[in-house]
Amino acid sequence: MSQDLFNPNDTLFRYSWPKELSGIERVACSSSGDLQRMLSAFFNVPITVKRVYVSPTPEPRHIPTPSNPIVQNRRVHLLTAPLSLRDSDAASWDPERPPQQRVACVATSVVRITSEHAARHFLDERYAIGQVFRILGRVANFQLLEVTVGQGNGAIGNLGKEYLRRKYLLKTEGFECEIQEVFPDREMFSVNNQEWLTTLDDFKDTDFN
């Protein structure tokens, strides 16, 4: 498990990282509720959350409490934006090689909600997990549980590509999440990330296709 250590002058994020990880991969794996924002800055494109699966919420839903929480299972894709969603910066792209809508991350989560404030933003207004923490105005308690790399087989990661996977916890009062994220192609983190961004995506989420 990870440790966040700090004093008035120093900060240290401690985790036993796989040796083959790059610096930007360690940054991505240590992001605490702001991965969507971080990926947008990294690729310089909007990042869209596409809901692939969401477990049903009872209707009408009850007001959640610690003794009677609402628990939701969900799976989402974090997608890079196509050219049509970009602003004036689109003019800088080669029209013959525009950015594609690529799957940058597949996130599977179990969310436990015990406050009506969080439920309203997450369930009714349908904000993404990281955005809910921002709206609540609280720093999430982050615990990195596991980081692994492996060879994609279609079930996990892109076939024939190396993937990066992390498991972690995010908690604040009234809103708790256990999340697994898979970055299906580690090439996205390379110095050629703009080349990756313009390549057609062959990723298939085999659990849902």
How far apart are the closest heavy atoms of [X] and [Y], and which atoms are they?
X: H62; Y: N68; answer: NE2-O, 3.1 Å
X: C29; Y: F142; answer: O-CZ, 3.7 Å
X: Q151; Y: G160; answer: NE2-O, 3.1 Å
X: P184; Y: V103; answer: CG-O, 3.6 Å

Heavy atoms, side chains only, cut-off 4.5 Å: are [X] and [Y] in contact?
X: T114; Y: E173; result: no
X: Y163; Y: N158; result: no
X: R75; Y: V106; result: yes
X: E116; Y: P64; result: yes
X: C105; Y: V182; result: no
X: L164; Y: V147; result: yes
X: V111; Y: V71; result: no
X: Q3; Y: Y15; result: no

Whether over 12 other heavy atoms sit under 6.0 Å from [X] [atom1]:
X: E125; atom1: CD; answer: yes
X: R134; atom1: CZ; answer: no
X: R51; atom1: CZ; answer: yes
X: L5; atom1: CG; answer: yes
X: Q180; atom1: CD; answer: yes
X: R37; atom1: CZ; answer: no

Does [X] reach the main-chain N or O of [Y] with its side chain, forming a donor-acceptor pair under 3.5 Å?
X: Q72; Y: V54; value: no
X: S2; Y: L144; value: yes
X: Q36; Y: I47; value: yes
X: S40; Y: V45; value: yes

Item to complete: Could you check L136 against H117 for side-chain contact (heavy atoms from CB on, under 4.5 Å), going step by step and ending with a plain yes or no?
Response: CA-CA 8 Å; L136 294 176; H117 190 195; 3.6 Å; yes
So how far is it from [X] [atom1] to [Y] [atom2], rounded to the nearest 0.5 Å?
X: K167; Y: L145; atom1: NZ; atom2: CG; value: 8.5 Å
X: K171; Y: R138; atom1: NZ; atom2: CZ; value: 15.0 Å
X: M188; Y: T199; atom1: CE; atom2: OG1; value: 13.0 Å

Worksheet item: Salt bridge check: are K161 and E187 linked by an N-O gap of less than 4.0 Å?
Response: no
Practice prompt. Look at D4 together with R14 and state whether they make a salt bridge at an N to O cut-off of under 4.0 Å.
Written response: no
Worksheet item: Can V149 and L21 be said to form a side-chain contact (heavy atoms from CB on, under 4.5 Å), step by step?
Response: CA-CA 9 Å; V149 297; L21 260 60; 3.6 Å; yes
Are [Y] and [X] an aromatic pair, judged by ring center distance below 6.0 Å?
X: F175; Y: F133; result: yes
X: F122; Y: Y127; result: no
X: F189; Y: W196; result: no

Practice prompt. Under the side-chain contact (heavy atoms from CB on, under 4.5 Å) rule, what do I179 and L170 come out as? Steps first, then yes or no, please.
Written response: CA-CA 8 Å; I179 304 171; L170 282 179; 4.2 Å; yes
Worksheet item: So, T80 versus R102: side-chain donor-acceptor pair below 3.5 Å or not?
Response: no
Item to complete: Evaluate the criterion side-chain hydrogen bond (donor to acceptor under 3.5 Å, both in side chains) for residue pair S31 and R166; output intermediate values, then yes/no.
Response: CA-CA 11 Å; S31 64; R166 70 166 177 164; 3.1 Å; yes
Practice prompt. Show your reasoning for whether side-chain hydrogen bond (donor to acceptor under 3.5 Å, both in side chains) applies to E181 and Y168.
Written response: CA-CA 9 Å; E181 290 171 346; Y168 63 101; 2.6 Å; yes
Discussion item. Please evaluate residues R186 and E20 with respect to the criterion side-chain contact (heavy atoms from CB on, under 4.5 Å), reporting the C-alpha separation (whole Å), side-chain torsions for both, the decisive distance (0.1 Å), and the verdict.
Written reply: CA-CA 11 Å; R186 290 181 66 200; E20 60 265 47; 4.0 Å; yes
